[in-house]
J.: 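One structure, pasted below without further comment.
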Protein chains: 2
Amino acid sequence: MTENITISHEIAAVLRDEILRQQFRCGERFPSERDLAVRFNASRGAVREALSQLELLGLIRILPGGTRVQAIDSASIAVLGPLMAMDDMPDPVLVDQFLQTFGALTSLTARTAINRADAKQLILLEEMVVELAQQLSDFEAMQPKWREFLQTMETVADNLVVRLIGNDLKAQFVEQMMKLGVKPEVEKKTLEQLLSSLQQSLANGDGDRAASAMQTHFDEVRLAVSEAMNSELMTPELTNAKPGNSKLANDRAEDLQRETV
Amino acid sequence: MTENITISHEIAAVLRDEILRQQFRCGERFPSERDLAVRFNASRGAVREALSQLELLGLIRILPGGTRVQAIDSASIAVLGPLMAMDDMPDPVLVDQFLQTFGALTSLTARTAINRADAKQLILLEEMVVELAQQLSDFEAMQPKWREFLQTMETVADNLVVRLIGNDLKAQFVEQMMKLGVKPEVEKKTLEQLLSSLQQSLANGDGDRAASAMQTHFDEVRLAVSEAMNSELMTPELTNAKPGNSKLANDRAEDLQRETV
DNA sequence: CCCTCTATTTGGTCTGACCAATTTGGTCTG
DNA sequence: CAGACCAAATTGGTCAGACCAAATAGAGGG
């Protein structure tokens, strides 16, 4: 949010989406800067800024003689958000993959956090878990606490790599899901299990156990989200319910990725 | 590689490093485009392209009235490579975090791959493991096979999110480590264990087991790399053996990240 | 049909200019 | 002296037009 709407950003967004929609074949020539400038009724400078961004996203490759389109597989994570936000209903496959990944990283965070935490931090975390357990029934109220807990764990684990990945992932995904109002219904029993496991892990300083509990929990969430998306999502416009797009994750086995020019 | 050396890229690289080296405090004003143009003896256009990239990296925030520096924590993963490549010896802490993360993702990949693989793919994977086991003693020769194996698993697992993250991570890290010639000495016994676990997992279609084996293995690798870096790395220039820089991952708890302007 | 050599295209960069929004600094007022 | 206020300087956003070097495409010759 607070996005600074700029011509170059707009151009970048449009072109990005076109590429993500596979309107260009990988390796194909991209329109020249001058052409794009005409098309968008903008100056070449603006276009160049846009292309500069697309290049950083790994979507195109700018080189003298002509710009070329790259395979989506070789793009940066930053394209995930747009990829999911493109259609009004994000690809369920992608969402699931997302949750899997997020789960794995959260699991790692939990493990590291518990293994690294000092006595004080352990107590703090434990308190948070207890607090969470008390609000088990109130999903809405629990949400922020849960996030806070995750964030605290992140801080304790203090893994910059995970945090950076988390930034991109969260920024692009969580927001998207929120906007769609997807509320996965996780069974209370499952949550109870998670919290109790966490509590014990914290008590024993058993990071591995916490990791595995977190893992299990995320698998449940994945299931719940999947169901929520399948049912609840027969919302207003289901006009363009393209079943495809999932193929984004499939085809295009190997490409001319490392063609040294 | 095959990088298209451009003024704007150079400028971006220089400024990026300066920001990563904390030469600007978070939130602080960034030099104006015109000033930068003078400093780099370049045109404003070139500078703008550079800034455009830095913005996408999440390092700065361009808005009318002035550009401001952002907290590293809120940057994109793409800064990890530069962050590690800055000093001639990458921060061991960062390397470890990197391996942890990579391990978690690889672990996930293994799990998914085995759970999703069809009969044919299972056989293929198993063959690869067997082949690997036969070359246990030849580290050099094994390396490419190992990579191939991982890549095949990635393909089978078919998780776009992981793949994209992997792109960034590999591109920025593996290369860096290679260049440094860090060769972790993992005990053969450990490798044997991993391979045998993998083999059985493949036979039983037990993804969880494979995941856990992979996890264990990466923990070993982390240890080995850590040792390798501590000893072997008393190479030529140890002039600037700044023990700091690790602090990058520590300080700066919370910042003015969500200041809505 | 292949190779070679131009003419064109394309990216890379610069200069200089104008607008609108923000910042800044000083002035005026209570 | 504090605070509101206004104007000038600064800063980003964008455009137009121009030149260079490298790469491409196409015509022509072998």
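Letters A, B, ... are given to chains in the order of the sequence lines, protein chains preceding strands, and every chain is numbered from 1. All figures in this text were calculated on a predicted structure; none of them were measured in a lab.
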J.: Please report the shortest heavy-atom distance between A:Ile7 and A:Ala46, naming the atom on each side.
T.: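 In terms of heavy atoms, the two residues are closest at CG2-CB, 4.2 Å.
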J.: Taking atom P of D:dA22 as reference, at what distance in whole Å does atom CZ of A:Arg68 sit?
T.: 19 Å
J.: Just report the end-to-end axis angle for the helix from C:dC1-D:dG30 to C:dG30-D:dC1, five pairs per end, to 10 degrees.
T.: 10°
J.: Could you go through A:Thr6 and A:Glu10, starting from their C-alpha distance and side-chain angles, then the distance that decides it, and tell me whether this counts as side chain to side chain contact (heavy atoms under 4.5 Å, CB included)?
T.: CA-CA 6 Å; A:Thr6 297; A:Glu10 267 178 52; over 6 Å; no
J.: Between B:Arg147 and B:Glu154, is there a salt bridge with N-O shorter than 4.0 Å?
T.: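 Result for this pair is no, no salt bridge flagged.
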J.: Any chance you could lay out the side chain to side chain contact (heavy atoms under 4.5 Å, CB included) test for A:Leu80 and A:Phe173, step after step, and finish with the verdict?
T.: CA-CA 8 Å; A:Leu80 280 178; A:Phe173 178 74; over 6 Å; no
J.: With the threshold set at 4.0 Å, does a side-chain nitrogen-carboxylate oxygen contact exist between B:Arg44 and B:Asp35?
T.: no
J.: Under a 4.0 Å threshold between the charged nitrogen and the carboxylate oxygen, would B:Arg61 count as salt-bridged to B:Glu55?
T.: no
J.: In the 5'-to-3' direction, what one-character label does each nucleotide of nucleotides 4-9 of chain D receive under the scheme B = base within less than 4.0 Å of a protein heavy atom, S = sugar-phosphate only, - = no such atom?
T.: ------
J.: Testing B:His9, B:Glu49, B:Gln53 one by one against A:Ser52 for a side chain to side chain donor-acceptor pair (under 3.5 Å), which residue passes?
T.: B:Gln53
J.: What about the rings of B:Phe24 and B:Phe30, do their centers lie closer together than 6.0 Å?
T.: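 B:Phe24 vs B:Phe30: aromatic centres under 6.0 Å.
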J.: Please report the closest heavy-atom contact between A:Met153 and A:Ala110, naming both atoms and the distance.
T.: SD-CA, 3.8 Å
J.: Less than 4.0 angstrom from a charged side-chain N to a carboxylate O is my criterion; do B:Arg21 and B:Asp87 meet it?
T.: yes
J.: Walk along nucleotides 4-16 of chain C from 5' to 3' and tag each nucleotide B, S or - by protein heavy-atom contact under 4.0 Å, base first, then sugar-phosphate.
T.: ------BBBBBB-
